[in-house]
Structure formats: structure tokens, C-alpha cells
2 protein chains.
Amino acid sequence: MSRDQISTKTRILDATWKLLESGDKNIRMSDIAKAAGISRQALYLHFPNRADLLIATARHLDSVKNIDGRLERSRAAQSGMARLEAFIEVWTGYIPEIHGMSVALRAMRASDAEAASAWNDRMGAVRHGCAAAVQALAKDGDLNADLSEKTATDLLWTLLSVENWEHFTQDCGWPQSRYENTMKTLAKAALVS
Amino acid sequence: MSRDQISTKTRILDATWKLLESGDKNIRMSDIAKAAGISRQALYLHFPNRADLLIATARHLDSVKNIDGRLERSRAAQSGMARLEAFIEVWTGYIPEIHGMSVALRAMRASDAEAASAWNDRMGAVRHGCAAAVQALAKDGDLNADLSEKTATDLLWTLLSVENWEHFTQDCGWPQSRYENTMKTLAKAALVS
DNA sequence: CCATCACTTGACACTGTGTAAAGTTGACAC
DNA sequence: GTGTCAACTTTACACAGTGTCAAGTGATGG
């Protein structure tokens, strides 16, 4: 609160987020500056470059959206099956909220190593959730005997990728609810014995 | 053969392909020109812009690799199941050969409408193959009764996406053979009654 | 009243794409 | 041989977008 109600840094992050969410591609630093109500050069007083700004926005998003808190719910489940379902519900519900961000970050992966590692870091967290759900299934003896825990985690992780969400909801035109239900069905078909 | 053994246009396409295949990101027009042994400006005598060059390279690749001919094999299968398997074998075997190209084309989708439609066109062809396999399954009465042909096609198409291939072979480190076998198993688990 | 912080303004270097124009070279026609 | 044409080269430049730099402004606070 040094200057305004909310700090300029936060205003920048919110503006960036909003622009990404709007689905506009090719967002320039000048667009972000305009949206945040400051000069383009002032952005560089807060973030060294575009990549760092986008990465900071991703982290900001995660903290505002409280993904960790939401996943808490799935950790509370009694059975492995319930945990798998709860995890799928939480994660698939989260995807549309971060989709604009994810498009931008993935687009930057090709040219920016730091963007790539920011994305890998976030997806690593998802994988961790998948692994925990698989482990809970295995503990209950519900995991398909043909699958190692590693393999089962790979399958679930891939199934629940943002790219697959895009494919179903964008390219195939499925509504979110159908996507979510299908993911549950497929996950069970693939993982549960 | 106007000038050299092979035409300059072909040399450009081959050079572009080779560079894309090498996995280098951020391939510039000047890189392509150098690889083709001509000046950067000469590229523009053959292709109006970068997008058109990449798209032409994609088509060139498809024609050299003869994807249509390869898919012929799956059309010859006797049963629906055999057709599904043959289609998966052909397509999954094709993915690694076009992967460099596909990365470049997908990266361009965000900023270039023509690149997006070139990619959609190619993926539309894959979807067509999926639909035919699903139809063959349905004809044999082997299609899961819970699924419409459209839904089954959506599932198979998504399962066999290039993005999922990347996920399994790159991010999960699976060898190609394992990827292929898993796709067959998963496809059957998801589609066959 | 002075200093400092947060910002603005204006200028500029750099990269990569695409355009433009004039020059070179070799093949082919007559 | 001369002329012509196509395919290419060389040089130059416009343009967008990123990132840097330096000088200036204006409010806040000791």
C-alpha cells in the first residue's frame, strides 16, 4: 500500500492475467502496461523481462486460486476410489480457470527455458497429485494388477493433461461436465482392476 | 530440373524439414536459406512468407512419407478390431517421423491463422481415420454400447493425439514400442464392449 | 527544504520478417 | 555474337516488438 490501494506489482499481475484470460494471443508488453495503467517502461521496474512477468503471473494465479487448498479436499477422501474421483474433480475444475495462462506459458516454452521450467514445475505438481491418488488405489488393492504405480501415474497424468482438456472441450466441443465425467470413467477403466 | 538436379523449391523444402527434424527451435528464414544454399531473399521468390513455407513443408512431408498409402493397409483389415489395431500401428508409427514438423506448426498456430488451419486439416485427416476404425468396430457389434460413434471417435482421436505421444515418450520417457502397445490396450479398453 | 521513491518521457539498440531495387550469371533463341 | 529471360545475389530499408538508458517530474516523509 505504498502508493495506491493495491500495489503496482499486483495491478500488473492482475492486468496480465485478465489479458491472458481474454484469450487474446500475442499479448505485448505495451498491452499489459496499458491495461495496468502505467508506462511500458515501468513494467521493467518490476519484472526484468516478459518471460519473468508471465511466470510471476502464473504463480500469482496459483496463489489467488489456491490450488493447494482445493487439493486438500481430495487428500481427505476415505477410499482410494473416492480420492481418485475427488482429485479428478478438483483438477479438471481447475483447468478452465488457468487455461489462458497455460496457453501463454506453453507457447513460450519453445523459446524460453524459464517458461518451460515454470510449466514443468506446475505439471510436476499435478503429477504428484496423480501419484498420490494411484498410491491410495494401490493401498486398497484396487489398482489394475498389470500396472506398476509409475505406469498408472503416467497414464492418469497424461489423461488429465491440459492438452486433452483442450482437445475434448475445444476441438470436440464437449461441455465441461461431460469432459469431467468421461475422465472419471476413463481413469477407472484404465487404472482400476 | 530447370537448374540443378533437384529444383530449388524442393531443396528449400528438404532443408526446412531437416532443420525442423533436428529439434532446433526458433528456426529463422536465414537458417533455412543457409541450409538450402541460397540467399535469404531468394526464399521469398518461392514462398511469400514463413507461414506458407512451413505449411508447404508439411504438405511436402506428407507426400514424401506417403501417409495415405500407409493408411491403405488399415483399410484392408478384415475385422473391426484388426482395423483398429492396424490404424493405431500406422498412425503411432507416423508420429515420430513428423514430430519436428508438428512442433513448428503448432507453435505457429497462435499467431498465424493459416498455420492453424494447416494443422487442423492434417488432424482432420487423422480424425477421419479414427472415425472409419470406429465404424468398422460398430459394424462388427464390437463397439461399447455406452458410446455413440461420434463419442468413440472423439475418444480415439484424443487418445492418439500428437500431444499424448509427446507426453508419454518425452515427459514420461516411454519407448515407442511401449507407447504403441499401451495405445492399443487403452483404445480397446475404452471403445470395445 | 531536500532527498528519495515510483513513475514518465523520449531515444535508441537489437532481432527477425518482409519489401524493394539494381546487378550478375547462365541458358537458350535467333 | 547479341539479346533476352529467368533465377538468383547483394544491398538497403521499413516495421514490429523487446529490452536498455538517461533525464525529468511529482508526491511523501524526515
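Chain letters run A, B, ... following the sequence lines, proteins first, then strands; residues in each count from 1.
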A:Asn26 CG to D:dG17 C1', in whole Å, measures 11 Å

Just by distance, do the side chain of A:Asn144 and the backbone of A:Asp146 share a donor-acceptor pair under 3.5 Å? yes

Could you tell me the separation between the CG atom of A:Leu54 and the P atom of D:dT18, rounded to a whole number of Å? 10 Å

Strictly by salt bridge (Lys or Arg N to Asp or Glu O under 4.0 Å), give each pair with a member in residues 31-40 of chain B just once, sequence neighbours left out. B:Arg28-B:Asp31

Output the rounded distance in Å from NZ (A:Lys34) to P (C:dT8). 14 Å

So, does B:His46 get its side chain near the phosphate of D:dC8, meaning an N or O under 4.0 Å from OP1 or OP2? yes

How does protein reach along nucleotides 12-23 of chain C, written 5' to 3' as B (base within reach of a heavy atom under 4.0 Å), S (only sugar-phosphate), or - (no contact)? ----SBBBB---

Tell me the interatomic distance from A:Leu43, atom CG, to D:dG17, atom C1', rounded to whole angstroms. 13 Å

Beyond-backbone contact of A:Leu45 with A:Ile38, side-chain heavy atoms, under 4.5 angstrom: no

Taking the side chain as C-beta and beyond, is there a heavy-atom pair between B:Trp91 and B:Met183 under 4.5 Å? no

Quickly work out the B:Ile38 CD1 to C:dT25 P distance and round it to whole Å. 18 Å

I'd like to know if the side chain of B:Trp174 reaches the main chain of B:Thr182, judged simply by a donor and an acceptor atom lying under 3.5 Å from each other, with no hydrogens or angles considered. no

Can A:Lys18 and A:Glu21 be counted as an ion pair, charged N to O under 4.0 angstrom? no

Presence of salt bridge, B:Arg106 and B:Glu166, under 4.0 angstrom: yes

So, are B:Arg109 and B:Glu114 salt-bridged, with charged N and O less than 4.0 Å apart? no

Within 45° of the six-membered ring axis of B:Phe47 and under 6.0 Å from that ring's centre, is NZ or CZ of B:Lys9 located there? yes

What is the distance from CG of A:Asp52 to C1' of D:dG19, rounded to the nearest Å? 13 Å

How is B:Leu45 classified with respect to the nucleic acid when contacts are heavy atoms under 4.0 Å: base, sugar-phosphate, or nothing? base

Please report the end-to-end axis angle for the helix from C:dC1-D:dG30 to C:dC30-D:dG1, five pairs per end, rounded to 10 degrees. 20°

